[in-house]
Amino acid sequence: MKITTHLVSLAALCLSTTVSAKTHFSDFSVSYLNGNNYEVGDNKKQIVTLEHFAVTSWGDSFTFVDRLESDNGDKETYGEFSPRFKITDFENNPVKALYVATTIEYGTFSSHDGFGSSLTNYLYGVGAGFDVPYFDFLNVNLYYRNNEHGDNNYQTTVTWGLPIGPLYYDGFIDYATSRDNSDAQMNFTSQLKYDVAPHLNIDSKLYLGIEYVYWLDKFGIRGVDENNVNLLVKYHF
C-alpha cells in the first residue's frame, strides 16, 4: 500500500509538472503484427499496438498499448506507461543523463472458454541515457518490481535505436530475476524495418519489416522459450 501511495503521488507530480513542461520531441505510431509461433496459449496471434514517446524539459515518457487476438478467440490487452524524471544531464560524457525511472504495467486477459485474469505491476528505480556512436539512443533502466501476483523482484531494461543504412533497427531487452513462483526470464524483442513512405509520396514514416522475439522462460515458466518472427507494418503520425 505504501509503494502504491508513493507511485500515485509521483504520477500526480508528473501531471502537475507536465502543465508547465516544454515538449522537445514527440511521436505517435500504430503497428500491426502477425505471427504464428507464440508460446503460452494459442500460437497464432495478431497484435495492434499504439505507441507514444515524448522528450520534455522534465525527462521523457514512453507509453504503449497492445491488443492481442488469437485465432482460437483468446483476447488480451496489455500496456505500459514509463515516465522517467531527469535528475541531471552531462555534456561531453558517454552518460548523457540520469533519471528516476518508473513504469506501470497493466493487462487483462479473456479466453474463448470464459476464463479471465488481470494484473497491475509497479516498477521504480534509476535509469541512464548513453551517448554511443551511430545510435540514435541507448537507455538502461534498473527497476525494483512490485508485482500484483507473487513476490517482488528486480528487472533490467535496455532500449536502443540504430539506423543501418536504409534500414532501422530498434528494440528492447528485459531481464527479470527469479521469484518464489517463477524462474528468471529474458525477453529480447527487436524490429528491423524499412521506410516505404518516400516511394508512396507519404509525408509520415511507413515501415515494413519484421519483429523478432526471443523470450527465455516466458512469464517465468521454466523451459518455455519463445522464438518468434512477426510480420510488421508500422505507421507514424
Under a 3.5 Å cutoff, is there a donor and acceptor pairing between the side chains of [X] and [Y]?
X	Y	result
Y175	Q155	no
Y143	T157	no
Y168	D170	no
Y169	S190	yes

Are the charged groups of [X] and [Y] less than 4.0 angstrom apart, N to O?
X	Y	value
E105	R145	yes
D131	K96	no
K218	E39	no
R84	D60	yes

| Test: K45 cationic atom under 6.0 Å from Y38 six-membered ring centre, within 45° of axis |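 Judged by the rule, K45 and Y38 form a cation-pi pair.
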How about [X] and [Y]: are their ring centres within less than 6.0 Å of each other?
X	Y	value
W160	F137	no
F237	Y235	yes
Y78	Y106	no
F81	H52	no

| task | Let me see the working for Y207 and H236 under ring-ring contact (aromatic ring centres under 6.0 Å, His included), right down to the final yes or no. | result | CA-CA 8 Å; Y207 286 111; H236 290 256; 5.6 Å; yes
| said: Between S26 and F53, is the side-chain contact (heavy atoms from CB on, under 4.5 Å) condition met? List the steps. | reply: CA-CA 5 Å; S26 66; F53 174 70; over 6 Å; no
| request: List the steps and the verdict of side-chain contact (heavy atoms from CB on, under 4.5 Å) for L216 and Q185. | output: CA-CA 6 Å; L216 179 66; Q185 56 179 305; over 6 Å; no
| request: Please answer whether the main-chain N or O of G35 pairs with a side-chain N or O of N230 as donor and acceptor at a distance below 3.5 Å. | output: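 Yes, N230 side chain to G35 backbone: donor-acceptor pair under 3.5 Å.
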